[in-house]
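One structure below.
None of the values given here were measured: they were computed from a predicted structure.
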Amino acid sequence: MKGKLQFLVISACFSLMMCRFHFHPFFIFTTIIFLIFLLIKKKHLLFFLSFSTIIYFIFVYSLTEQLNKSTLKEGLYTVNGIYSSIPIIDGNQFRGYIETSDGEKLPIYYTINSLEEKQALNKINPGTICRFTGELEMPKSPTMPNAFDYKQYLYDQHIHWQYEIDEIEQCKVGKKDWLFFLLEIRKNGLSFIEKHFPNTSVGIVQALIFGERKLIDKDLDTAYQELGIVHLLAISGSHIGLLASGIYYILIYCGITHERARIILVVMLPIYMILTGATPSVVRASFMMVLYLLIKIFKKNVSSIDVISFTFLVLLFINPYYLFQVGFQLSYVVSFGLLFSIGIVEQYSSWLTKLIVVSTVAQLCAMPLLLFHFYEISLISLPMNMIFVPLYSFIILPFSILATLVVAISSSIGQPIVNLFSEMLQLTHQIVLFASSIPYTTFTTGKPALLVTMGLICSTFYLFFQFERYHSIYLLIRPAVFIIFVLFIQAVLPYLNPYGKVIIIDVGQGDSIFIQRPFNKGSYLIDTGGRISFPKEDWEESSNPYSLAEKVTVPYLKSIGITKLDALFLTHGDMDHIGEALPLMKEVKIKELIIPEGFVRGKLEDTIIQEAKKKMMKIKAVQAGERVTFQGFSFYVVSPSILTESKNDDSLVLWAELGGLKWLFTGDAEIEGEKKMIEMYPTLKADILKVGHHGSKGSTSDLLLDHINPSIALVSAGDNNRYQHPHTEVLEKLSLRKIDLFRTDLHGAILYHFKGNRGTFSTHPPYDEVY
């Protein structure tokens, strides 16, 4: 089978992509072209094997789909379940995975009621059996374009429900098997590191030894991602290779024979794979290393390409959904790229040149996937990898293992080593944070179109082919230009796009509206959304609070290639409208901040203004009668006029004309504010009304509706929100006037896509696909 497994890998990918995308014509076409190519080249055996592989994996995928079903029903559910993972406690939130007696896996979510209960839950180990009572809920599809599909993510793990727990009781120690025993060791190991290492290093050590990143500082983790070196914090092939090599040579040094040392590693690697969380990269690396050791034990001659191809096919046979996981894709694409490029690397004798070539190959192989999934790449990723890969491989990783082992043997001897290690890590953190703060080092393209992605892949293949064939750097100029040209096309597409958009971002119980003009002539955001927080005790506070800006708004903006805003409009000082302004300012460059007169009425508003000044934003306070203009496009301010004691009635209200329609953005304006607008603007009309105050009873009066006479109303409200917005009275008023209504709580994000004076409304996802 030497050299043939590579074609079977390609065949497996084609078949699974066809199945996943319901036999999309593009994938059918590429599959046929691939098979025709084999026939033209008279590779009849390869054609037969590839065709058989395609049919086989279509069958495997279909069978997996048939078996991936749930027998449970939505609603109240009580079950005796066993914890199948290490439970996670963050503040007053408790979550984890349980398994029912029928073998169905359920993610659980529970709000802890007291400190005593938190301490008791913290003692729960994998394998513990408890009685759970709560509600089974179907996971939602993403409600924003290009957003992470959590429902699909769960489905790919054969999970069909979210389990909101009301009671956990009658907990007892279950039957201990080897898997739960290993998971308990993992939990104790994580707790040990958390106890003995300072906050500056505990997250890194947990990541390097057990593959757990939850305690890494959020800003630091983001910096590693932006610089393209976050893979160093994950247990990957190089990590497994270094660790296995180190243990191997220690065993040899202790007098154990080579054969026995290999057998010991074959036994240890699957155990370590479970201890580190069994992520796709760990599974792939461990599986490859085990195969490599078995080949050595049985003295077989098998190429590295065939080994990795075999592991690829076996893993997809076990779970065909692996192919659609980002970690699996990156792990194998980079591994295949490095193995196929080994001839290029071996042309050079200098270790520095080899390091440059290896890093370049890895970056080029990963680039199409990084852009497709994360919409940006770091322009300094190559030099950062050249510095940090050796640093982590030969200093930080061994040092972290050494410090952990020594402190486990003797706390008094090990603590100075831990302190020294933490000081060293603190220095690397400062370098990483500084590098990530350098402007213009990240290239954000937006999510590339399929043809652009294919062009990037083909250009990269062409570059490798040219270099391997001619061994000359000068002949790489043409393929390098092709790559740059494809990236240039993706970068300039927004400036060639004649379509504009208005999107009501689904930020739950809050407001945030993004506007982009055609040909990317201007981008504006009205409010940021925000989560209203209530007073909590210290033990209830989360170590990693959820941020709508970081999880929703910024990823969406990046997915469409937006990294700066011409203006941020903040309508008033309520948390659900401006609560994400500060995180947004950290991630997105904002030219101008527009606020209403009398905006500063509390600490949050003042902090936002001070931060805006630090970032050298132009700050403009406006009131009714003014106009804010950007390159020939204007927002007209219709409120506030006379300031009152009410933040809501003093909301910034804007009128604009977009895509042939007149829009009224009302913030949280209530009935008194509406009256003032009508009195000041007796001819005010609007086709589209952004309903005030999320559709509360105190807004959207009959007077306003009859006066402006809208045809469409938009409501931004949270799903099952505690305020019961939009109110039934408001809904009745809209229905009586036959005003079409779109709601983020039911429909997800609301998008108006327009060209010239014509456009269409759509929701994401469509109503019948939200659940």
message: Quick one, His725 with Asp745, criterion side-chain hydrogen bond (donor to acceptor under 3.5 Å, both in side chains). Give me CA distance, side-chain angles, the key distance, then yes/no.
response: CA-CA 9 Å; His725 291 160; Asp745 60 328; over 6 Å; no
message: If you apply the rule ring-ring contact (aromatic ring centres under 6.0 Å, His included), what do you find for Tyr153 with Phe148, and how did you get there?
response: CA-CA 9 Å; Tyr153 169 78; Phe148 173 67; 5.7 Å; yes
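In this structure, Lys676 does not pair ionically with Glu679, as no charged nitrogen and carboxylate oxygen lie closer than 4.0 Å. A salt bridge links Lys140 with Asp719; the closest basic N to acidic carboxylate O contact falls under 4.0 Å. At a threshold of 4.0 Å, the pair Lys521-Asp566 does not count as salt-bridged, since none of the basic side-chain nitrogens sits closer than that to a carboxylate oxygen. Salt bridge annotation for Glu670-Lys697: absent, with no cationic side-chain nitrogen under 4.0 angstrom from a carboxylate oxygen.
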Using distance only, find each side-chain donor-acceptor pair of residues 544-552 under 3.5 Å and give its atom names and separation, not counting sequence neighbours.
residue : atom : partner : partner atom : Å
Ser547  : OG   : Ala549  : N            : 3.4
Ser547  : OG   : Glu550  : N            : 3.2
Ser547  : OG   : Glu580  : OE1          : 2.8

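Going from atom CG of Leu684 over to atom CG of Asn709 covers 11.5 Å, rounded to the nearest 0.5 Å. In this structure, CG on Leu233 lies 6.5 Å from CG on Asp221, to the nearest 0.5 angstrom. Rounding to the nearest 0.5 Å places CG of Asn385 at 12.0 Å from CG of Leu391. Distance check, rounded to the nearest 0.5 Å: CD of Glu626 to OG of Ser634 gives 12.5 Å. Expressed to the nearest 0.5 Å, how far OG1 of Thr442 lies from NZ of Lys558 amounts to 7.0 Å. Rounded to the nearest 0.5 angstrom, Ser716 OG and His577 NE2 are separated by 8.0 Å.
For the residue pair Asp650 and His572, no side-chain donor N or O sits within less than 3.5 Å of a side-chain acceptor on the partner. Between Ser543 and Asp90, the side chains place a donor N or O and an acceptor N or O closer than 3.5 Å (distance only, hydrogens not considered). No hydrogens or angles considered: nothing links the side chains of Thr445 and Gln490 as a donor-acceptor pair under 3.5 Å. In summary, the side chains of Asp649 and Thr644 do not present any donor paired with an acceptor at a separation below 3.5 Å, with no hydrogens or angles considered. Side chain to side chain, Gln329 and His373 meet the donor-acceptor criterion of an N or O pair below 3.5 Å.
With hydrogens and angles disregarded, no donor-acceptor distance shorter than 3.5 Å links the side chain of Thr744 to the backbone of Asp506. Remark: the backbone N or O of Gln516 is not paired with any side-chain donor or acceptor of Ser523 at under 3.5 angstrom. The backbone N or O of Asp576 lies less than 3.5 Å from no partner atom in the side chain of Asp574, so there is not a single donor-acceptor pair. One N or O on the side chain of Trp663 and one on the backbone of Leu658 form a donor-acceptor pair closer than 3.5 Å. The main-chain N or O of Val653 is never found under 3.5 Å from a side-chain atom of Thr666 such that the two would form a donor-acceptor pair. Formation of a donor-acceptor pair under 3.5 Å by the His429 side chain with backbone atoms of Leu425 is found in this model. In this structure, the side chain of Thr571 does not engage the main chain of Leu652 through any donor-acceptor pair within 3.5 Å.
A distance of 6.0 Å or more separates the ring centres of Phe665 and Phe635. A distance below 6.0 Å separates the ring centres of Phe761 and Tyr752. Ring pair His747/His764: centre-to-centre distance not below 6.0 Å.
When Ser639, Ser699, Ser701 are each tested for a side chain to side chain donor-acceptor pair (under 3.5 Å) with Glu674, only one passes: Ser701. When Leu751, Val502, Leu557 are each tested for a side chain to side chain contact (heavy atoms under 4.5 Å, CB included) with Phe514, only one passes: Leu557.
Scanning for salt bridge (charged side-chain N to carboxylate O under 4.0 Å, His left out) contacts around Lys685 gives an empty result, with sequence neighbours left out. With sequence neighbours excluded, no residue forms a salt bridge (charged side-chain N to carboxylate O under 4.0 Å, His left out) with Glu226.
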